[in-house]
Colleague: 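One structure coming up, written as structure tokens, with questions to follow.
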Amino acid sequence: MDGYLTLDDPTAAYDTIVDEVGGLMATVTPQRMDDPTPCADWTVRQLLRHLAFINDRYATLAEGGPLLEEHPDYADPVAAFGEHAVRARAAFRRPGYLTEVGPTPIGPQPGEVTVQHVVNELTTHGWDLARALGADTDLVPDLARRVRASWASYLDGQPRDGGPFGPELPAPAGATEAERLAAYLGRAA
């Protein structure tokens, strides 16, 4: 990922967004599981599973395991998110990890890029979950601003039709940083 912008301390950013998203996930009631989300064709249940999968996938890679390709059917995705976050936190802080080059779904990358990607994913999908639940979408404003810059360093100039991100949309007047991030990634804020 030539030019992929990373934060000064991606592990601290990871801690921040895991706490924010984990808290939001804990508010989901069984009655909300089939609600739609801004992620095309995903319900809240599927989004929760994806959030757990993000932590599981990257913890496994950071621990030296194989690339997980498919979302497991986590019986309790909220608990799985937390359990895999504990693993990821430990693996991301292993001495030397941030400078080691290892496998990722997008090719070999230094650990700091991998952690940044996880932060980007969790921040983006945290907004999706907040929006689906009708909760406050102004997630960690300073981090959302920096995540938007990180995504831009990777996505600018790349086609965005048919992938996980749509073409950039205009952010509404007075948009929060998280709403600007969502609009940048093609989500209607």
Colleague: Are side-chain N/O atoms of T37 and D128 paired as donor and acceptor at under 3.5 Å?
Modeller: no
Colleague: Looking only at heavy atoms, which two atoms of L169 and G186 are closest? And how far apart?
Modeller: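 Here L169 and G186 meet closest at CD1-O, 3.4 Å.
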Colleague: Indicate, with yes or no, if F165 and V147 share a hydrophobic cluster defined by side-chain heavy-atom contacts under 4.5 Å among Ile, Leu, Val, Met, Phe, Trp and Tyr.
Modeller: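 Yes, one cluster joins them.
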Colleague: Going by the salt bridge (charged side-chain N to carboxylate O under 4.0 Å, His left out) test, name the single residue among E121, E69, E70 that passes it with R57.
Modeller: E69
Colleague: Please identify each residue that fulfils side chain to side chain donor-acceptor pair (under 3.5 Å) with D73, with sequence neighbours left out.
Modeller: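 Expected list: R49.
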Colleague: Please name the pair of heavy atoms, one in V115 and one in P10, separated by the smallest distance, quoted to 0.1 Å.
Modeller: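 Closest approach of V115 to P10: CG1-O, 3.4 Å.
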Colleague: Provide the closest heavy-atom pair for N120 versus S150 in the form atom of the first, atom of the second, distance.
Modeller: ND2-OG, 3.1 Å
Colleague: With heavy-atom distances below 4.5 Å as the criterion, would you say the side chains of P141 and T176 are in contact?
Modeller: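 No, their side chains stay 4.5 Å or more apart.
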Colleague: Which atoms form the tightest heavy-atom contact between F81 and V18, and what is the distance?
Modeller: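 Heavy-atom minimum between the residues: CE2-O, 3.7 Å.
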Colleague: Of all residues at least two apart in sequence or in a different chain, which pass the ring-ring contact (aromatic ring centres under 6.0 Å, His included) check with Y14?
Modeller: F92
Colleague: Which heavy atom in C39 sits nearest to a heavy atom in L47, and how many Å separate them?
Modeller: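 The pair with the smallest heavy-atom distance is SG-CD1, 4.2 Å.
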Colleague: Do V118 and I54 have side chains that get closer than 4.5 Å, going by heavy atoms?
Modeller: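 In contact.
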Colleague: Among all residues two or more places apart in sequence or in another chain, which pass the salt bridge (charged side-chain N to carboxylate O under 4.0 Å, His left out) test with E100?
Modeller: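 Per chain and number, E100 pairs via salt bridge (charged side-chain N to carboxylate O under 4.0 Å, His left out) with R94.
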Colleague: Any side-chain heavy atom of M33 within less than 4.5 Å of one from L48?
Modeller: yes
Colleague: Measure across V119 and I17 and return the closest heavy-atom pair with its distance rounded to 0.1 Å.
Modeller: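 Scanning both residues, the minimum pair turns out to be CA-CG2, 4.3 Å.
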Colleague: Indicate every side-chain donor-acceptor pair of residues 58-65 with a distance under 3.5 Å to a residue at least two apart or in another chain.
Modeller:
unit_1, atom_1, unit_2, atom_2, d
T60, OG1, D56, O, 2.8
T60, OG1, D56, OD1, 3.3
T60, OG1, R87, NH2, 3.0
E63, OE1, R87, NE, 3.4
E63, OE1, R87, NH2, 2.6
E63, OE2, R87, NE, 3.1

Colleague: Do R145 and D142 have side chains that get closer than 4.5 Å, going by heavy atoms?
Modeller: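 Answer yes - side chains close enough.
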Colleague: Kindly write out the residues that satisfy salt bridge (charged side-chain N to carboxylate O under 4.0 Å, His left out) with D34, not counting sequence neighbours, or none if the list is empty.
Modeller: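 In terms of salt bridge (charged side-chain N to carboxylate O under 4.0 Å, His left out), with neighbours along the sequence ignored, D34 is linked to R45.
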Colleague: Is V21 close to H125 at the side-chain level, that is, under 4.5 Å between some pair of heavy atoms?
Modeller: no
Colleague: Who passes ring-ring contact (aromatic ring centres under 6.0 Å, His included) against F53, sequence neighbours left out?
Modeller: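 Expected list: H71.
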